[in-house]
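Here is the structure we will look at.
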Amino acid sequence: MVIKALVKLYERLLAQKLVAPEGWDRQKIGYKVVIGIDGSLKDIVSVKETVVRKKAEKQVPRTIMLPKAVVRTQGITANFLWDNAKYIFGYLPDNPERGLDCFKAFRAKAHNVLDGATSKEALAILRFVDTYDPEELSSHPVFVANEEALNDPTNFVFCLEGGTISDMSESLDIQKAWAEYLEREGRKDAILGICCETAKADQIIARVHPKIKGITGADSSGAALVCFNVPSVCSYNGDGQQSANSHISAYAAAAYAKALNYLLSDTSHRTSLGNVTVVYWSESNTPEYGKCFDTLLDGNLNGKTSYSLDSIMGSVWKGKSFMFDEKELNPHESFYVLGLGSSGSRASVRFFWKDSFGGIVENLYKHQERLLVSRPEKVKSVPAYMLLKTAASPGSEIPSPVIDVLFNSILNDTPYPPSLFLNMVGRVLMDRDDKAKGTQKISYVKAGMIKAYLVKNCYERWKELTAVALNEKCEKTPYLLGRLFALLEGIQRQALPNINTTIKDRYFNSACMTPGIAFPVLIRLAQTHMKKLSKPLAIYFDKKLTTMLDRITLVGEKDSFPKRLSPEEQGAFILGYYQERQSVFTKKKEEVANKAE
């Protein structure tokens, strides 16, 4: 399904002229070799472009679509229609004999491809290679006038007199001849069969698939998505032939590789989550769909006023199109998301989803709604990478399987990975408030992810925690214990305003995990702290503390606090603490605003 979708994308890209056709690629050309219809050499003309680099102008080769380059090692192998001076003219001053062999290879390649062609462009090239003599290098006026070009390591391409640099490559006759040549060469010693992706019969089965570049963790030369290179993974019915069991045609292999390399090279179609590379595209390959998806996924709405998640969802729910970057997007458009991983020379598919764009946007919206807690007004959404970064230990990364499940839960609206929740609770217990390091024990990201997990994965038990702000009516003991701890901390801060180390620094972890041990001590401390308060303030906190204790469900013969809390209950404790503290800050802001009025 993945390869079939990529082949379909390739055909769309080909129609949009965004990728090269099979057997073609973009080549860097510095000069055009001007020849007459009779094959005579007329001139060598530079086609380099002027660019500004580091505030200085520089001449660089022009990039045009030409037949794909051959793979060279130590042997002599010529390209078709274009090459360097060594192959086109046999120009190699240090080794004239090898230069002559290179020209002969170029001439043989031209005949292998163009014999039988009838266009004036094809015949001109054949006449040139048949009449040209490398011994003319020292005497021909064109070579004498262009000695600098001959010593330039860049490439040359043929051009008819009075024509353009792309005349040869755009000739339909030459294109047909090149395609037929590739077909003949491909069928030599090839495995033929039905392509499992295109369902076409009598296809050349790809033995080696092209490499994919741009995947996090892959070799710089690229990684193979489909590869078989040991006997143990070769097909039984394929008589041990490499890739005989994949039955993917050479056309499909080249197509999916070009489409994937295109996506990976374009920032509007790719992003990264840890060591997983994510690419995405729409059925029509309209860039704005990818930009919108990336904006919603990575939280780039923060600080933007032109796009609102609520306004986008309003259109999606009504089944109506909406505007993004001055482009109308259709929520019914098919949208694809592909996650890739790599460990060197091999690439792997981590996940793959196809859905309507509106369906994926709706699931992203639900995810952000679950993450919503009291937080700075400028924060409109929480990026996925921030969740992973916050949950990871310093200097480490979240494992790839967790990233896969998180992405699945976001896009498919399925339960979140328990390991991510446990990591987030663990970070709360391990981290400390440190302004110098920029760390917070309990941030809106941690509180938001804990809330999202509880209401998604354990809704029946924790459905009372769906509120964004403090839920005064929630009667869950762990949640009330978190609120109680925040109240006790507030009493201490009122009694000792200049204190550097609070009960949060010393007792939060034990209160969160083993409240039966911590809270009796904390209650006694609070009684001591209230003696230092003014009488009205002491009465206020005493009433609030008594009310909170009355609401908490105590257990055991001596009405003791719970001995320990499970990880889920610890999450509810953390959320209760966070929301109680935020409610205090909100009330203070409202009081300041009322006084200002």
Side-chain angles (χ1 to χ4, degrees), residues 1-10 12-13 197 212 214-218 223 225 256-301 309 312-313 316 322 324-325 327 329-342 347-368 371 381-388 398 400-417 420:
M1 187 174 178
V2 175
I3 292 177
K4 188 175 292 184
L6 288 169
V7 171
K8 189 175 181 180
L9 173 63
Y10 164 77
R12 171 73 67 175
L13 294 171
E197 300 298 335
I212 312 301
I215 302 174
T216 302
L225 186 61
Y256 86 71
K258 285 188 177 183
L260 200 45
N261 282 321
Y262 167 82
L263 294 172
L264 289 165
S265 65
D266 187 355
T267 54
S268 66
H269 288 94
R270 65 163 289 171
T271 189
S272 294
L273 288 176
N275 56 4
V276 178
T277 303
V278 184
V279 294
Y280 36 86
W281 68 96
S282 65
E283 189 76 34
S284 62
N285 190 44
T286 303
E288 284 73 18
Y289 283 96
K291 291 177 182 178
C292 182
F293 174 79
D294 183 60
T295 298
L296 299 177
L297 178 67
D298 286 349
N300 294 330
L301 287 171
L309 186 54
I312 290 174
M313 279 311 305
V316 170
F322 58 91
F324 188 90
D325 275 358
K327 183 74 175 181
L329 303 186
N330 181 2
H332 303 294
E333 174 103 3
S334 294
F335 195 77
Y336 304 81
V337 182
L338 172 63
L340 298 166
S342 181
S348 60
V349 174
R350 307 309 304 257
F351 49 78
F352 178 68
W353 293 292
K354 175 191 175 184
D355 197 355
S356 67
F357 187 67
I360 288 179
V361 170
E362 183 176 357
N363 289 340
L364 285 171
Y365 177 81
K366 291 178 180 178
H367 166 67
Q368 290 297 338
L371 290 172
S381 57
V382 180
Y385 75 84
M386 188 177 289
L387 295 175
L388 296 170
I398 294 293
S400 298
V402 179
I403 299 175
D404 300 345
V405 180
L406 173 62
F407 218 82
N408 178 67
S409 66
I410 294 174
L411 295 187
N412 286 343
D413 194 27
T414 55
Y416 294 103
L420 182 65

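The shown structure was predicted, so the numbers you read here are calculated from the model rather than taken from an experiment.
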Taking only distance into account, with no hydrogens and no angle test, what donor-acceptor pairs under 3.5 Å do side-chain atoms of residues 257-264 form with protein atoms, sequence neighbours excluded?
| unit_1 | atom_1 | unit_2 | atom_2 | d |
| --- | --- | --- | --- | --- |
| Lys258 | NZ | Ala20 | O | 3.0 |
| Lys258 | NZ | Pro21 | O | 2.7 |
| Lys258 | NZ | Trp24 | O | 3.3 |
| Asn261 | OD1 | Lys213 | N | 2.8 |
| Asn261 | ND2 | Lys211 | O | 3.3 |
| Asn261 | ND2 | Ala257 | O | 3.1 |

Do [X] and [Y] have side chains that approach each other closer than 4.5 Å (heavy atoms only, starting at C-beta)?
X      : Y      : value
Asn285 : His269 : yes
Tyr280 : Thr271 : yes
Lys4   : Val7   : no
His367 : Leu387 : yes
Leu225 : Val349 : yes

Can you name the side-chain hydrogen bond (donor to acceptor under 3.5 Å, both in side chains) partners of [X], sequence neighbours left out?
X      : value
Ser342 : none
Tyr256 : His209
Glu333 : Ser284
Ser334 : none

What pairs of donor and acceptor atoms, side-chain ones from residues 402-410 against any protein atom, are under 3.5 angstrom apart with sequence neighbours left out?
| unit_1 | atom_1 | unit_2 | atom_2 | d |
| --- | --- | --- | --- | --- |
| Asp404 | OD2 | Arg350 | NE | 3.2 |
| Asp404 | OD2 | Arg350 | NH2 | 2.9 |
| Asn408 | OD1 | Trp353 | NE1 | 3.3 |
| Asn408 | OD1 | Asn412 | ND2 | 2.8 |
| Asn408 | ND2 | Thr414 | OG1 | 3.0 |
| Ser409 | OG | Val405 | O | 3.4 |
| Ser409 | OG | Leu406 | O | 2.6 |

Next on the checklist: Between Ser268 and Gly290 (side chain of the first, backbone of the second, donor and acceptor by atom type, cut-off under 3.5 Å), is there such a pair?
Outcome noted: no
Checklist entry - Short question: side chain of Asn330, backbone of His332 - any donor-acceptor pair under 3.5 Å? => result yes
Item to check | Partner residues of Tyr336 under the ring pair (Phe, Tyr, Trp, His ring centres under 6.0 Å) criterion, sequence neighbours left out | outcome: Trp281
Which heavy-atom pair separates [X] from [Y] by the least distance, and what is that distance?
X      : Y      : result
Cys292 : Phe322 : SG-CE1, 4.1 Å
Asp325 : Lys291 : OD2-CD, 3.8 Å
Leu273 : Ala384 : CD2-CB, 3.8 Å
Ala5   : Phe352 : CB-CZ, 4.0 Å

Checklist outcome for this item: For Ser265, the side-chain contact (heavy atoms from CB on, under 4.5 Å) test, sequence neighbours excluded, returns none
Next on the checklist: To the nearest 0.5 Å, what is the distance between CZ on Phe335 and CZ on Phe293?
Outcome noted: 5.5 Å
Next on the checklist: Nearest 0.5 Å, please: how far is CG in Leu364 from CE in Met313?
Outcome noted: 9.5 Å
Item to check | Residue pairs, two or more places apart or on separate chains, that pass salt bridge (charged side-chain N to carboxylate O under 4.0 Å, His left out) and touch residues 275-288 | outcome: Lys8-Glu283
For residues 354-363, run the donor-acceptor check on the side chains, cut-off 3.5 Å, and write out each pair with its distance to 0.1 Å, sequence neighbours left out.
| unit_1 | atom_1 | unit_2 | atom_2 | d |
| --- | --- | --- | --- | --- |
| Ser356 | OG | Gly359 | N | 3.0 |
| Glu362 | OE2 | Trp317 | NE1 | 3.4 |
| Asn363 | ND2 | Leu411 | O | 2.5 |

